[in-house]
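Read the structure below first, then the notes.
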Amino acid sequence: MIQRPRGTRDFPPEEAHRRRAVREKMIDVMERWGYREVVTPTFEHLELFTLKSGEGVIEEIYSFKDKGGRDIALRPELTAPVMRMYVGELHSAPKPLRLYYFANCFRYERPQKGRFREFWQLGCELIGGRRSDSEAEVIAMADEVLRAVGIRGDIHIGYLGLIRSMLKKVPEAHRQSIMRLIDKKERDALRELLQSIGAEDLGIMELISLKGKGALDRAEELSAALSSVEISTEGAGSAHSSLEAACGESRREGARASARSGRSPESEMKLSDFREMLELLDAYGVDATVDFEIVRGLEYYTGTVFEIYASGLGAQNQICGGGSYELASLFGGSETFSTGFGLGFDRIMEVVGEVDPPIPPVVLAFTPDVKVDAIRIAKRLRNVSPVIIDVMGRSLSAQLKSASSINAEHVIIVGRRELDSGKLVLRNMTSGSQEELSIEAIEERLRSAFARTTK
RNA sequence: GCCGGGAUAGGGUAGUGGUCAUCCUGCGGGACUGUGGAUCCCUCGAGCCGGGUUCGAAUCCCGGUCCCGGCCCCA
């Protein structure tokens, strides 16, 4: 007996049907927003992902050498592949590009509730748009995608512009740790670190505690006050360029760093962009909480970041994350503003309720002497309904018993008598009533029954 | 990678260091070679893997695998 590999799952017919029904509802929303599906390879060069997320991710990537000695990785996510595709073959397509994907991804992690080694992500990337408009659209669409399957997520939106400005006044070496501590909500450790480097007056602690209404106004005050705050450590502002040069980073690391530092400070400073985005979001009718504690811990995010939570998932309650980022230049393209989100499909499946039941099949029962006629009839009826015929050589009564056990709604009985008279028996398994009809009439009946169940 | 709880027919379970193991359900067949669901009967089907202790292990011990909850992490 061979078991499944750890962290993988089988989906029996019922579950596979549920997943497809939910997936189609969500995809339908994105199509209606004008997004088009893209499909990328299941495996990529390992480098694609280390370039985006750093060498640290190798630990959690399924990677291997192929027979040609190449370092290959099963995709752990889809933003990098999609941006790779954009840079490689779509960079001169009319902007903006609205792309979505739904695909399985792989990560070598400890499985737990809502987390598997093979999992499915659904997401979008809006490439080449204007900041506020793009961000508002993507967040509003994420909300609608979730609502389409009956989930009202708790949306938290943060903005990295201001925190990045604050961090400009802090030595380069500490910036990443500060972001990490914020992301992990470790307030005490954060406060300690800020004090130890003399950065407690920058307003970081207050900023990240700002939530909901009024948060933005206060953030603007903090922003205005920032220019007058200086911290007295060793030339923080100029430290990073020399540090970068001195570090002897690899070519790739250097490319990553310059892609980030290449952004103009002004573009990160503008809280007015964020305010505008929130106004647009309001116009979309989306209810979200401003929360400057959302920083997503990732270096390539450039502006608005957001996370959506759902209840009922234990420790893994985040079902969606996204924001604006700059990755095109990292992959060799020109700098392009992009916004996207990724949705954890498996976690969504944990919290969605009932979905449409599958269409019940029609069973065509026959007597052995007319099997070939039954097959011809079944072939014809499959144009209007799922049709099953016996392949076990069962007696008529056993065929009916079997039809009953699979909850078939109708059974059509074909025998010598029916063929001679040209009228087949259509039996309703629920009521037990049956009538004799021509095959054309049966087609009509099934057509309308089918239309009802799929409506 | 860490902590804790688990693993007995397809699903759900019982039990004991001593005859290759309980019951329910399920699958297949039959009673029923042209009308299902009920009932009855028959068949099929199991102690995660490897080692150890023992006269004897599914039971006790160790290691592994997988599952569940949590930690770390979460692009």
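Sequence lines set the chain letters: A, B, ... in the order given, protein chains first and strands last, and positions in each chain run from 1. Just so you know, these numbers come straight off a predicted model, no measurement behind them.
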[N] versus [M] - spacing of their [atom1] atoms, nearest Å:
N: B:G26; M: B:G45; atom1: C1'; answer: 10 Å
N: B:A21; M: B:C27; atom1: P; answer: 25 Å
N: B:U59; M: B:U54; atom1: C1'; answer: 13 Å
N: B:G12; M: B:C74; atom1: C1'; answer: 35 Å
N: B:C23; M: B:G47; atom1: C1'; answer: 16 Å
N: B:G63; M: B:C72; atom1: P; answer: 26 Å
N: B:C73; M: B:C2; atom1: C1'; answer: 12 Å
N: B:U13; M: B:A46; atom1: C1'; answer: 12 Å

Just by distance, do the side chain of [X] and the backbone of [Y] share a donor-acceptor pair under 3.5 Å?
X: A:Ser165; Y: A:Gly161; result: yes
X: A:Arg75; Y: A:Pro41; result: yes
X: A:Gln195; Y: A:Glu192; result: no
X: A:Arg382; Y: A:Pro386; result: no
X: A:Glu443; Y: A:Leu446; result: no
X: A:Gln399; Y: A:Phe366; result: yes
X: A:Asn383; Y: A:Arg380; result: yes

Counting the atoms with a prime plus P, OP1 and OP2 as sugar-phosphate, which does [X] contact under 4.0 Å by heavy atoms, base, sugar-phosphate, or nothing?
X: A:Ile58; answer: nothing
X: A:Gly7; answer: sugar-phosphate
X: A:Gln318; answer: nothing

* Relative to the 5' end of RNA chain B, which residue comes earlier, A:Tyr108 or A:Arg180, by the nucleotide with the nearest heavy atom? -> A:Tyr108
* Pairing partner of B:G1 (Watson-Crick or G-U wobble, both distances under 3.5 Å) -> B:C71
* Complementary nucleotide for B:A7 - Watson-Crick or wobble, under 3.5 Å -> B:U65
Measure [atom1]/[X] against [atom2]/[N] and give the value in whole Å, please.
X: A:Glu59; N: B:A75; atom1: CD; atom2: P; value: 16 Å
X: A:Asp390; N: B:G29; atom1: CG; atom2: C1'; value: 14 Å
X: A:Glu186; N: B:C71; atom1: CD; atom2: P; value: 13 Å
X: A:Met179; N: B:C73; atom1: CE; atom2: C1'; value: 18 Å
X: A:Phe119; N: B:C74; atom1: CZ; atom2: P; value: 13 Å
X: A:Arg4; N: B:C67; atom1: CZ; atom2: P; value: 7 Å
X: A:Arg117; N: B:C74; atom1: CZ; atom2: P; value: 17 Å
X: A:Ile61; N: B:C73; atom1: CD1; atom2: C1'; value: 14 Å

* Report yes if a donor N or O on one partner sits less than 3.5 Å from an acceptor N or O on the other, where the partners are the side chain of A:Arg296 and the base of B:A75; otherwise report no. => no
* **Polar pair under 3.5 Å, donor/acceptor by atom type, side chain A:Arg115, base B:C74** => yes
* Structure fact -> Side-chain atoms of A:Gln112 come closest, of B:A75, B:C73, B:C72, to B:C72
* Atom NZ of A:Lys211 with >12 non-hydrogen neighbours under 6.0 angstrom -> yes
* So does A:Arg6 get a side-chain nitrogen or oxygen closer than 4.0 Å to the phosphate oxygens (OP1/OP2) of B:C67? -> yes
* **Any A:Arg394 side-chain nitrogen or oxygen under 4.0 Å from OP1 or OP2 of B:G29** => yes
Any luck finding a side-chain donor-acceptor pair between [X] and [Y] under 3.5 Å?
X: A:Thr367; Y: A:Asp369; answer: yes
X: A:Tyr86; Y: A:Glu125; answer: no
X: A:Ser324; Y: A:Thr339; answer: yes

Mind listing the N/O atom pairs, protein and nucleotides 2-5 of chain B, below 3.5 Å?
from	atom 1	to	atom 2	distance (Å)
B:C2	N4	A:Arg110	NE	3.0

* **Parallel, tilted or perpendicular, as decided by the 30° and 60° cut-offs, for the rings of A:Phe345 and A:Phe102** => perpendicular
* Asked: Can you check B:G47 for me, syn or anti if syn means within 90° of 0?
  -> syn
* Heavy atoms under 4.0 Å is the rule here; annotate nucleotides 41-48 of chain B 5' to 3' with B where the base is hit, S where only the sugar-phosphate is, and - elsewhere. => --------
* Structure fact -> Contact string for nucleotides 30-39 of chain B, one letter per nucleotide 5' to 3', B = base within protein heavy-atom range under 4.0 Å, S = sugar-phosphate only, - = neither, reads -BB-BBBB--
* **Ion pair A:Arg347/A:Glu350, N-O distance below 4.0 Å** => no
* Ring-ring centroid check A:Phe306 A:His156, cutoff 6.0 Å -> no
